[in-house]
Amino acid sequence: MEKYKVVITGRVLPAALAALETQCQVYRWEQPTAPTLADLSGWLKDADGLFVSTNIAVNEQLLAAAPRLKVIAQPAVGYDNIDIAACTSRKIPFGNTPGVLVETTADLAFGLLLTAARRIHEGWDWVRAGKWQPGAQLPYGVDLYGKTLGIVGMGAIGSAVARRGQASGMKVIYNNRTPRADQADLKAEYCTFDQLLSEADFIVVLTPLTPESRGMFGANEFAKMKPTAYFINAARGAVVDTQALYNALQAKQIAYAALDVTDPEPLPADHPLLQLPNILIVPHIGSATTETRNRMALLAAENLLLGVEGKPLVTCVNTEVNYR
Ligand SMILES: NC(=O)C1=CN([C@@H]2O[C@H](COP(=O)(O)OP(=O)(O)OC[C@H]3O[C@@H](n4cnc5c(N)ncnc54)[C@H](O)[C@@H]3O)[C@@H](O)[C@H]2O)C=CC1
Ligand SMILES: O=C(O)C(=O)CO
């Protein structure tokens, strides 16, 4: 029997690749830089499945180059790079990987908050630079206990961050598209976006990137925050207006930012954000543990193998076409 043809646009963990290769002929882009559509189009024209990474735009143009496509799978929960309506109109189910990365990403988001608040990274740099001398003192950090944690985007990961904040004695408030029905269990208080901006000591962003959330943190929003506020973004870089964040940090309109995601991504080595003293940036490592990345890759591979066979995916975004 002829094998299904699958295009992989970038890195894939060995266990997922092995699973795909059992039933598919795999065409994999192995260069370090992202492929262009022209690079992939020779493979896409016969492809049954696409195993895609978040740096590739799946749009009308790409879909038109892949007329046989039966399924698209991506090892990530965020899918702002995918034109879901275009996939749906071609009856192509798209599978992401919700759930399997929740606690891991919450650890990183809360870890950024704690590291920034207690200057852990600055302390290590200071010790390593030989500055720990008698009488020398690293500037003080701030407490979490008794402070207000404001979560924007109280979904799976946001709720897991809320639990971590509560364990540290923080009061949790949140803003979401709608108040959560289980808000009593969450022990968190729904508030308006403006109220959250002005009341929170620590703001953690965990919304998806959508037309509505793109640029939702700009100059006006930073102006409403406390001058002592810590701003943590573990969602997507483009939820924030980068220039406005730079201005707010430079003018000490807010105290500190800690980012797992940036716009652009990666940040060029000479980017002005990197020159600021009141920022901590890590390279989009929210879900980057061995266990979780394997779970994500295997779930994406499972979705892809189901999709090429015309079976419903385990986790599908456009459920209306997950029937075949
Ligand atoms: N830094 C990283 O490595 C990772 C980043 N992410 C990002 O985190 C996002 C959230 O992931 P999950 O918690 O699994 O998703 P989720 O769908 O469970 O939660 C998202 C929440 O945001 C809310 N929301 C949507 N638009 C909003 C808006 N404009 N204002 C306020 N709330 C809004 C939704 O109502 C929902 O409750 C992903 O879409 C992804 O972009 C996810 C995993 C890892
Ligand atoms: O899953 C996602 O959306 C990520 O950003 C990477 O884990």
Side-chain angles (χ1 to χ4, degrees), residues 10-13 16 52-56 58 73-82 84 94-113 150-164 172-183 186 188 190-197 200 203-218 221 232-240 258-263 265-266 280-300 303 315-317 319:
R11 287 184 48 187
V12 56
L13 290 178
V52 71
S53 31
T54 52
N55 58 348
I56 304 290
V58 174
Q74 177 164 277
V77 66
Y79 51 88
D80 42 280
N81 59 317
I82 311 284
I84 295 293
F94 167 76
N96 65 342
T97 59
V100 295
L101 44 54
V102 170
E103 302 299 332
T104 304
T105 308
D107 280 343
L108 191 277
F110 198 73
L112 279 176
L113 185 159
I151 298 177
V152 181
M154 190 67 138
I157 305 170
S159 316
V161 170
R163 280 192 272 112
R164 284 156 176 77
V172 180
I173 60 176
Y174 74 97
N175 178 257
N176 210 35
R177 279 179 304 196
T178 49
R180 297 254 318 215
D182 56 349
Q183 112 168 317
L186 285 173
Y190 178 83
C191 63
T192 65
F193 186 46
D194 275 1
Q195 195 184 343
L196 184 144
L197 295 177
I203 295 177
V204 177
V205 189
L206 277 161
T207 56
L209 175 62
T210 62
E212 186 196 2
S213 68
R214 184 176 288 276
M216 75 189 280
F217 292 91
E221 287 67 34
I232 294 98
N233 186 10
R236 285 289 182 266
V239 170
V240 178
L259 312 176
D260 183 41
V261 289
T262 58
D263 178 28
E265 204 170 283
L280 162 62
I281 303 176
V282 293
H284 201 150
I285 54 171
S287 64
T289 65
T290 305
E291 300 91 329
T292 290
R293 283 289 168 89
N294 268 303
R295 278 195 291 266
M296 293 160 69
L298 288 173
L299 176 54
N303 277 334
T315 48
C316 182
V317 171
T319 47

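Everything numeric here is computed off the predicted structure, so don't read it as measured data. Ligands are counted one by one from 1 in listed order, and the atoms in each one are counted from 1 as well.
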Donor-acceptor contact below 3.5 Å, side chain [X] vs main chain [Y]:
X      : Y      : answer
Ser213 : Pro208 : yes
Asn233 : Arg236 : yes
Asn81  : Asn55  : no
Asp260 : His284 : yes

Of Val77, Thr292, Thr105, Asp80, which has the heavy atom at the shortest distance from atom 2 (C) of ligand 2?
Val77
Selection from Thr54, Val102, Thr105 by shortest heavy-atom distance to atom 44 (C) of ligand 1
Thr105
Is Leu206 near ligand 1, meaning one of its heavy atoms is under 4.0 Å from it?
yes
Quick one: does Pro98 get within less than 4.0 Å of ligand 1, heavy atoms only?
no
Centroid separation under 6.0 Å, is that true for the rings of Tyr174 and Phe193?
no
Proximity of Leu101 to ligand 2 by residue part, where a heavy atom lies under 4.0 Å
side chain
Please check atom 13 (O) of ligand 1 for a protein heavy-atom neighbour under 4.0 Å.
yes
Tell me whether atom 17 (O) of ligand 1 lies less than 4.0 Å from at least one protein heavy-atom position.
no
What's the shortest distance from [atom] to any protein heavy atom, and which residue and atom give it?
atom                    : answer
atom 15 (O) of ligand 1 : Ala156 N, 4.6 Å
atom 7 (C) of ligand 1  : Ala235 O, 3.7 Å
atom 7 (O) of ligand 2  : Ser287 OG, 2.5 Å
atom 23 (C) of ligand 1 : Asn176 OD1, 3.0 Å
atom 38 (C) of ligand 1 : Val77 CG1, 4.0 Å
atom 19 (O) of ligand 1 : Gly155 CA, 3.1 Å
atom 5 (C) of ligand 1  : Ala234 O, 3.1 Å
atom 11 (O) of ligand 1 : Ile157 CD1, 3.5 Å
atom 9 (C) of ligand 1  : Thr207 O, 3.8 Å

Which of the numbered atoms in ligand 2 are under 4.0 angstrom from any heavy atom belonging to [X]?
X      : value
Arg236 : 2 (C), 3 (O), 4 (C), 5 (O)
His284 : 4 (C), 5 (O), 6 (C)
Met296 : 7 (O)
Ala76  : 1 (O), 2 (C), 3 (O)
Gly78  : 1 (O), 2 (C), 3 (O)

Is it the side chain (CB and beyond), the backbone, both or neither of [X] that lies under 4.0 Å from ligand 1, heavy atoms counted?
X      : result
Glu212 : side chain
Pro208 : both
His284 : side chain

Numbering as shown, the atoms of ligand 1 that approach Asp260 to under 4.0 Å (heavy-atom distance):
1 (N), 2 (C), 3 (O)
Which ligand 1 atoms are under 4.0 Å away from a heavy-atom of Met154?
37 (O)
Where do Arg164 and Asp107 land on the salt bridge (charged side-chain N to carboxylate O under 4.0 Å, His left out) test, with the steps shown first?
CA-CA 8 Å; Arg164 284 156 176 77; Asp107 280 343; 2.9 Å; yes
Can you find an N/O atom of Arg293 closer than 3.5 Å to an N/O atom of ligand 2?
no
Which pairs pass side-chain hydrogen bond (donor to acceptor under 3.5 Å, both in side chains) with one or both residues in residues 151-160, sequence neighbours excluded?
Ser159-Arg180
Does Asp80 reach ligand 1 with a nitrogen or oxygen that is under 3.5 Å from one of the ligand's nitrogen or oxygen atoms?
no
